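As structure tokens, the structure follows; a few thoughts come after it.
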Amino acid sequence: MAFTRKRQREQQLQLYSKERFSLLLLNLEEYYFEQHTAFHVQHQGSQEERKIRGSLKICSKSVIFEPDAISQPILKIPLRDCLKIGKHGENGANKHFAKAKSWGISLIFSQIYFIKEHNIVAPYKIERGKMEYVFELEVSGKVEDVVETLLQLHRASCLDKLGDQMAMITAILQSRLARTSFDKNRFQSVSEKLHMECKAEMVTPLVTNPGHVCITDTSLYFQPLNGYPKPVVQITLQDVRRIYKRRHGLMPLGLEVFCTDDDLCSDIYLKFYEPQDRDDLYFYIATYLEHHAAEHTAESYMLQWQRGHLSNYQYLLHLNNLADRSCNDLSQYPVFPWIISDYSSPELDLSNPATFRDLSKPVGALNAERLERLLTRYQEMPEPRFMYGSHYSSPGYVLFYLVRIAPEYMLCLQNGRFDNADRMFNSIAETWKNCLDGATDFKELIPEFYDEDVSFLVNSLKLDLGKRQGGQMVDDVELPAWASSPQDFLQKNKDALESGYVSEHLHEWIDLIFGYKQKGSEAIGAHNVFHPLTYEGGVDLNSIEDPDEKVAMLTQILEFGQTPKQLFVTPHPRRITPKFKSLSQASSYNASLTDSPVSPGEESFEDLTEESRTLAWSNIAKLQLHEQYKIHKEAVTGIAVSCNGSSVFTTSQDSTLKMFSKESKMLQRSISFSNMALSSCLLLPGDTTVISSSWDNNVYFYSIAFGRRQDTLMGHDDAVSKICWHNDRLYSGSWDSTVKVWSGVPAEMPGTKRHQFDLLAELEHDVSVNTINLNAVSTLLVSGTKEGMVNIWDLTTATLLHQTSCHSGTVCDAAFSPDSRHILSTGVDGCLNVIDVQTGMLISSMASEEPQRCFVWDGNSVLSGSRSGELLVWDLLGAKVSERIQGHTGAVTCIWMNEQCSSIITGGEDRQIMFWKLQY
């Protein structure tokens, strides 16, 4: 659980400091400056005088005294409530005390807070009335400096305007930071080289701690100005796995560093005073990481999720991270959806769709009657209009759920008080009902509801959270009848989140929270419009000149909550799930997506082949060159292999079709149809006829048995670039900007009768078509053009489904994944792009150092042929090249792989064909 891990780390740091004090005792936007060993003098000057030893903390808005004895309460005196601050014993006051030459600090005030008496977390006790407290410093020589500091901070606290208060306190802070620097003696090694040093604040939930950031060639350091909770925080760069730029207070000042791949809880969150400092530090660490860790984008995570390599829970965590959500920032805490809508049944039926919340609607739109009232108000509202007066995620909502494990955070947020007992998080069912019916309650959930730690549901700290109107004390959270225990409740929540129904509909909720329905007309149509101040870019704080207005605006935004950064601007693709087979499909296009050669979960005679494919692709990096032959005079353009693997047919720009015997290692035939280059070839079923496409606008049919040209299809007005065949249909792509579909009735006796060709469809393009490919069942066709466009066609209706501009030049190759869900394309721009077939959305893009001219892939891994002649193995999910294999001396121009994926043949500009084998 993110928050629990965060608290555990903070408690470990507090063990280091051996203090009850924490920054949560400060007010919001307050700083802790310094501490002094001191004695609180009680009944001073009388026989009952006693001195309580402890630590005096000087903060920007208060004075805090933490006694060493935990039975004594921590004292907090707000500076704004101080009537007089000075040295005790001045002006003849308390002569007995003065004679002792042990000057103290006198605070006369009207209000004081008593906190954590006997170390029990409870609402603060307040005492009002004129009082004087005296504190004697262990180092008496510091009294004058401390008094001067307190007087200066007191003047700031007593200014009328909040903006003026903040300006003066900020000036005091910056002056202190300017007079100090990072202590280089804290370096782990004397050989470390300093790269940069700047001022920053370490961010933890609700509080920030100022200090100095320092980065060397091996480590990142943060040294708090006050030395709390430890003298220095050090992170080894070698341990860093991820870094993210963050918005903090709506400003581009945050940087979060993670030393884990999947944890939502970071190792340090820094807020800088200047965006340039943040960017410089980010650039240095990112440059270091380029050689140590892969960078992940929303699109790369989407691809992993779609293909089942990430759970729904993991995917939502990654999206939250990328959208600036952090467990260090309660105004931008990770947001998760309500999934279950049934909290009254004795048993939870996850096979019933009625059990689940409608994920296509925001919480505020789930109740039609309430939505109607909200829309009426929205229509009558002046600009800027919004539908919901509160957000789905805010610091108050986060701590509403977490009060049982984070009571000090709630006390900090609510000025030392818990919420009213009847408004507490008392019951799952009550909370859900209020989110459905409440006039201002539209909150979603947090990750903890789908994790394993039950502590936020159980009052294990035995906190006194108050008594409800019915007389019962607030204790553990009341669970639904279908949950036998907190553990069972979380397990069923996790099961629901990973269920088939949610997997099929989660993309709809992502559209609302992170996607294209977050803003604009789509948001209005989805009834998903919140206050303008909650959106990124909704207000420019730098443009607000009035400091009071700026402080008030920032406070309002931070308390109200913030909408995540928008990650997607087009509809999010749905997940690939086995249950798709049972869904009703309205169109032939959708039907084609679900028809795969082997449906998930079904037994098939192809199982053995599938196992061999999986084994082969898991070992694809172990590819080794077996044989190579130079059989052409120009670049090889196409490869086809007979079913038994004995004969290899190749085409070339030298205008020849050649037949090579793998057994005798001899060239058996060389055929020339014209003096123009041949661009591709394929074998018809039965291995009796080979077809070649030519730059002379024709397609040639060659009878292997009779050793002669059997037929010529003169079907285009420019070069034919690529051909495909399936179920007696020929598909030809051409530079004449068309793809044509032909019926090709085979001859009754091969070589004795010409083919009959009928043009069934013509798929028109705006520019030359450079490559085409079919999906596994030939219901879809992808075409790539010379201007970088990838087109997806429904062959059952001959209509264009999607057109995606994803390359800045010619598309070299494009092919469907085995399950027809995705298309991979490569271009002369060096990019490898993954496109979602259902939406036409570009979901992943990787750049290579040079164009990848051809490839084969299994949906997760890619084997590509580069312009330099290397074969590259790509891990699409990890977004990286996992292996480079030396091959041709010129560009790899074509690649063939057998059905078992165990044998590979490549052709190149060096006129060679190379035979490769996998070494298991």
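The model shown is predicted, which means the values in this text are computed figures rather than measured ones.
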| message | Do T906 and W916 pair up side chain to side chain, a donor and an acceptor below 3.5 Å, judged on atom types alone? | response | yes

| request: Check whether the side chains of T651 and T637 place a donor and an acceptor atom closer than 3.5 Å, and report yes or no. | output: yes

| task | Evaluate whether atom CD of E498 has more than 12 neighbouring non-hydrogen atoms of other residues, nucleotides or ligands under 6.0 angstrom away. | result | yes

| query | Between the main-chain N or O of C806 and the side-chain N or O of T804, is there a donor-acceptor pair closer than 3.5 Å? | reply | no

| message | Are F757 and F701 an aromatic pair, judged by ring center distance below 6.0 Å? | response | yes

| query | Minimum heavy-atom separation for S692 to F673, with atom names? | reply | OG-CE1, 4.1 Å

| query | Looking at H507 versus W305, is the centre-to-centre ring distance below 6.0 Å? | reply | no

| said: Is any side-chain heavy atom of N791 closer than 4.5 Å to one of T785? | reply: yes

| query | So does E849 have more than 12 non-hydrogen atoms from other groups sitting under 6.0 Å from CD? | reply | no

| Minimal non-hydrogen separation, V720 against S732, with atom names | CG1-CB, 4.3 Å

| query | What distance separates N775 CG from H822 NE2, expressed to the nearest 0.5 Å? | reply | 14.0 Å

| said: Rounded at 0.5 Å granularity, tell me how far CD1 in I792 sits from OG in S783. | reply: 9.0 Å

| message | Check for me whether the distance between the ring centres of W793 and H765 falls short of 6.0 Å. | response | yes

| field | CD on Q912 to CD1 on I631, rounded to 0.5 Å | value | 10.0 Å

| N860 vs W617 side-chain heavy atoms within contact, under 4.5 Å | no

| Do you know the tightest heavy-atom contact between S864 and W874? | OG-NE1, 2.9 Å

| said: Quick one, C259 and R241 - any side-chain contact, counting heavy atoms below 4.5 Å? | reply: no

| field | Donor + acceptor pair across side chains of S680, S693 (<3.5 Å) | value | yes

| query | Can you list the steps and then say if I704 with T688 is a side chain to side chain contact (heavy atoms under 4.5 Å, CB included)? | reply | CA-CA 5 Å; I704 301 169; T688 59; 5.8 Å; no

| message | Can you give me the closest heavy-atom contact between G887 and M914, atom names plus distance? | response | O-CE, 3.4 Å

| said: Quiz question: by atom type and distance under 3.5 Å, do the side chains of R911 and Y629 form a donor-acceptor pair? | reply: no

| Hey, what do you get for OG1 (T650) to CG (L657), rounding to the nearest 0.5 Å? | 7.0 Å

| request: Taking ring-ring contact (aromatic ring centres under 6.0 Å, His included) as the test, write out the residues that go with Y301, two or more places apart. | output: H296, H318

| message | For L795 versus L763, what's the shortest heavy-atom pair and its separation? | response | CD2-CD1, 4.2 Å

| said: Looking at F258, I'd like to know if the NZ or CZ of R242 sits under 6.0 Å from its six-membered ring centre while staying within 45 degrees of the ring's axis. | reply: yes

| task | Could you go through the side chain to side chain donor-acceptor pair (under 3.5 Å) check for T689 and S703 one step at a time? | result | CA-CA 5 Å; T689 303; S703 170; 5.5 Å; no

| said: Run L872 and Q852 through side chain to side chain contact (heavy atoms under 4.5 Å, CB included) and show every step you take. | reply: CA-CA 9 Å; L872 270 56; Q852 304 300 306; 3.9 Å; yes

| Nearest atoms (heavy-atom pairs only) where C724 meets N773 | SG-CA, 4.0 Å

| task | Establish, from distance only, whether the side-chain atoms of S845 and N833 form a donor-acceptor pair under 3.5 Å. | result | yes

| request: List the steps and the verdict of salt bridge (Lys or Arg N to Asp or Glu O under 4.0 Å) for E627 and K665. | output: CA-CA 10 Å; E627 297 170 325; K665 301 179 176 42; 3.1 Å; yes

| said: Is it the case that the ring center of W735 lies less than 6.0 angstrom away from the ring center of W695? | reply: yes

| query | Should L780 and L774 be marked as a side chain to side chain contact (heavy atoms under 4.5 Å, CB included) after you check the CA-CA gap, both sets of side-chain angles, and the distance that decides it? | reply | CA-CA 6 Å; L780 299 175; L774 302 171; over 6 Å; no

| Is there a donor-acceptor pair closer than 3.5 Å between any side-chain N or O of D736 and the backbone N or O of H716? | no

| message | Checking N312 against S503: is there a side-chain donor and acceptor pair closer than 3.5 Å? | response | yes

| Can you check side chain to side chain contact (heavy atoms under 4.5 Å, CB included) on M714 and N697, steps first, answer last? | CA-CA 7 Å; M714 295 178 284; N697 312 351; over 6 Å; no

| Test: R613 and E899 ion pair at under 4.0 Å | yes

| request: Would you check if the side chain of D687 reaches a backbone N or O of S642 as a donor-acceptor pair within less than 3.5 Å? | output: no

| field | Distance (rounded to the nearest 0.5 Å) between Y731 OH and K722 NZ | value | 14.0 Å

| task | Just do the salt bridge (Lys or Arg N to Asp or Glu O under 4.0 Å) check on R867 and E909 with the steps written out, would you? | result | CA-CA 9 Å; R867 186 172 61 185; E909 282 186 347; over 6 Å; no

| task | Supply the atom-to-atom distance H572 NE2 to R575 CZ, rounded to the nearest 0.5 angstrom. | result | 10.5 Å

| request: Would you check if V641 and W896 make a side-chain contact, meaning some heavy-atom pair closer than 4.5 Å? | output: yes

| Can you check whether S903's main-chain N or O pairs, donor with acceptor, with N898's side chain at less than 3.5 Å? | yes

| Verdict with reasoning, R307 to D819, per salt bridge (Lys or Arg N to Asp or Glu O under 4.0 Å) | CA-CA 10 Å; R307 307 198 69 80; D819 59 8; 3.1 Å; yes

| query | Is a side-chain N or O of S655 found less than 3.5 angstrom from the main chain of A677, in a donor-acceptor match? | reply | no

| task | Measure the shortest side-chain to side-chain distance between F855 and L832 over non-hydrogen atoms and say whether it is less than 4.5 angstrom. | result | no

| request: Ignoring hydrogens and angles, tell me if any N or O in the side chain of K658 forms a donor-acceptor pair with the backbone of I671 under 3.5 Å. | output: no

| field | Side chain proximity check, V892 to L871, heavy atoms < 4.5 angstrom | value | yes

| field | I913 vs Q628 side-chain heavy atoms within contact, under 4.5 Å | value | no

| task | Measure the shortest side-chain to side-chain distance between R821 and Q838 over non-hydrogen atoms and say whether it is less than 4.5 angstrom. | result | no

| query | Are the side chain of S694 and the backbone N or O of D696 linked by a donor-acceptor pair below 3.5 Å? | reply | yes

| task | Using modelled atom types only, decide if a donor and an acceptor are shared between the side chain of E850 and the backbone of S868 within a distance under 3.5 Å. | result | yes

| Is the side chain of S300 donor-acceptor paired with the backbone N or O of L877 at a distance under 3.5 Å, no angle test? | no

| Between S848 (side chain) and G830 (backbone), is there a donor-acceptor pair under 3.5 Å? | yes

